[in-house]
Amino acid sequence: MKFAELAGPVFGILLGLLVARVSVSNAVQRFNPHVTQCVLVYSYRLLLHPLHRYPGPFLAKITDWYSAYHAIRMNLHFTTYADHAKYGPVIRQGPNKLVFSSVQAAHDVLQNERLFKSRAYLVTQVNPTIFNLFNVIDTRLHRTKRRIIGQGISEKAMRRFEPVMHEQVQVFLAQLARASKDSSPLDMSEKCSHLGLDISGEIGFGHGFELQTSEKNRWMPSGISTSNRRLNVYVQFPALRYIGWEKLLLPVILPKVMRFHRMVRDKIRARLKEDTHSRPDLLSSIHDYKDPDTGSSMSKRELWSEATFLIPAGGDTTASLLAASFFYLSHYPKTYQRLATEIRERFSSAEEIRGGVKLAGCAYLHAFITETLRISPPSNTTLWRDLPADAATNPVIIDGHVIPPGTRIGVNLYCMHRNPTYFPDPRSHRPERWIREESGVSDEQWKIMHDAFIPFSLGPRNCAGKAVAWAEVPLVLAKTLWYFDFWRAGEDGERLDGGDVFYMLDQLGSRHTGPVMKFRLRDGVGEELVG
Ligand code: HEM
């Protein structure tokens, strides 16, 4: 063992002994058992724990406070990236946690039918007896739920839902047109969040939240953001959720969270009073559905639990992707020009822009969105999985490592997408890398970058709402480019994470502001928007 590898454990023991000595010399007998226990536990974690040979920050080896602290600061993705750079492709990020950053590991972890969605996600349960599609652990129950919810957000459901999506997009465009009249700047994180959540509300329960048109519910995005940040801390250090310390923060955090939950409950109640099939929403899609295996349908309480996840999951993620798209369009003039030309030459009117072969055939638009998902994944977090009960007798192997039972294993999306082995020059936004004849990479590199591209995760727990994102985002971008010229509005106080990269913080989803943009209606178009 090298000196560097020994330094951490030795320091830990010395620290432990020092603390113990101080405590003894203070003769504070009643604290002694606690201090001794800490010394023993920390020493065990450093020296004897099955993961003790894995590299990682010293603090992470002894306590989950390391990742909880960075989750509180919302910079855990940056920290994980820096730790991978320092310690290599496998890091110990908690006493019982390993994070991997390789294509092989991503596939071994996420596509592995033997692994479970981590129990850490149970901290997102609103009610301990009710699971939603995101936090359910049991594989059979997950399969049932996925089939039921899938009815409402599948590609087929999106075709039914498209007219409603168009209505919301039209409201968005009308607002840009209004701002274009008096040249007022718009914060696109805010605008896209209102659009995303209104569409998400429509998909779920046939009613948007009217965020685009009214001030009344505009507290919602910040309520969701607070809730996500809180949950992300608990996912990193689940014990924190259950020790009751949150009571201290009650006045700050919980009112917003409760207000959101009450609002979702009221929406569901209102919707259930209407005719089930009066709207093309999730509820109407799943109302009559019975699972062929179990014959079960979904109870109202389950529906509510699904909604409290789906509304932010659907609204926030697509909003982040849109805001990041506007950022890159305003930062890369050649990309903007090429995309604008593709859309304006391909479509002869705004009405012609709708889901289908023609929009899907816009190769550069597709490459642009793919590259934005790569460089700024809306969910830039670590995806955690737990081992099966028989891991001791039937070992789980991840990228050549035999994983000790009890280990929580994860893959960080942000780190995968910024790995220069898979994506040369990873900090540069280059849609051309996704166009075969322009990518300039070998067949082998072409394959590996596709394997490393996992913004929606992989395997049985991959994103159930991909079809929604791929219906919404191309539509909004193509329509905006068809109607408007746009550019970045001067000094707006935005921060960049170095270079021309959209600055996103990590909170399960992501938190961001800007870009602040100005829009101008193109000559001869858009009467219907202003009129
Ligand atoms: C650009 C947009 C989106 C991105 C990047 C994204 C990303 C993700 C990721 C990475 C996961 C996997 C989490 C894990 O493995 O632990 C996930 C799961 C999920 N997403 Fe999305 N998502 C997006 C949009 C949506 C939308 C629009 C909806 C619904 C309307 C949605 C619904 C879900 C659901 C239900 C799950 C849980 C699936 C399961 O466990 O079976 N997502 N998403």
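One-based numbering, in listed order, for ligands and for the atoms of each. Here the structure is a predicted model, which is why all the values come from computation and not from measurement.
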- [ ] Please examine the side chains of Ile224 and Phe260, heavy atoms only from C-beta on, and report whether any two atoms are closer than 4.5 Å.
- [x]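 Yes, side chains in contact.
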Hey, are [X] and [Y] close enough for a salt bridge, meaning a charged N less than 4.0 Å from a carboxylate O?
X	Y	value
Arg374	Glu371	yes
Arg338	Glu432	yes
Asp187	Lys191	no

Tell me: protein heavy atom nearest [atom], and distance?
atom	value
atom 10 (C) of ligand 1	Pro455 O, 3.3 Å
atom 28 (C) of ligand 1	Gly465 CA, 3.4 Å
atom 26 (C) of ligand 1	Gly314 CA, 3.5 Å
atom 42 (N) of ligand 1	Cys463 SG, 3.0 Å

Looking only at distance, does [X] have an N or O less than 3.5 Å from an N or O of ligand 1?
X	result
Arg146	yes
Ser379	no
Arg461	yes

- [ ] Taking Glu306 for its side chain and Ile149 for its backbone only, find out whether a donor-acceptor pair lies under 3.5 Å.
- [x] no
Return the orientation label for the [X] and [Y] ring planes: parallel under 30°, perpendicular over 60°, tilted otherwise.
X	Y	value
Phe326	Phe172	tilted
Tyr54	His401	tilted
Phe423	Trp434	tilted
Phe486	Tyr336	perpendicular

Open item on the list: Within this structure, what is the CG-CE distance for the pair Leu195 and Met165, rounded to the nearest 0.5 Å?
Closed with: 9.0 Å
TODO: Measure from NZ or CZ of Lys117 to the centre of the six-membered ring of Trp384, then state whether that distance is under 6.0 Å and the direction lies within 45° of the axis.
DONE: no
Could you tell me, atom by atom, which parts of ligand 1 come under 4.0 Å of a heavy atom of [X]?
X	result
Val468	27 (C), 30 (C)
Pro378	1 (C), 5 (C)
Leu413	10 (C)
Ala469	1 (C), 2 (C)
Leu383	13 (C), 14 (C), 15 (O), 16 (O)

Option whose closest heavy atom lies nearest to [atom], chosen from [options]:
atom	options	answer
atom 29 (C) of ligand 1	Asn462, Leu310, Thr317	Leu310
atom 15 (O) of ligand 1	His142, Lys117, Arg385	Arg385
atom 3 (C) of ligand 1	Phe456, Phe309, Phe134	Phe456

TODO: Mind checking whether Leu321 contacts ligand 1 via backbone (N, CA, C, O), side chain (CB onward), both or neither, at a 4.0 Å heavy-atom cut-off?
DONE: side chain
TODO: Please state which part of Val136 comes within less than 4.0 Å of ligand 1, counting heavy atoms only: side chain, backbone, both or neither.
DONE: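 Within the 4.0 Å criterion, Val136 makes no contact with ligand 1.
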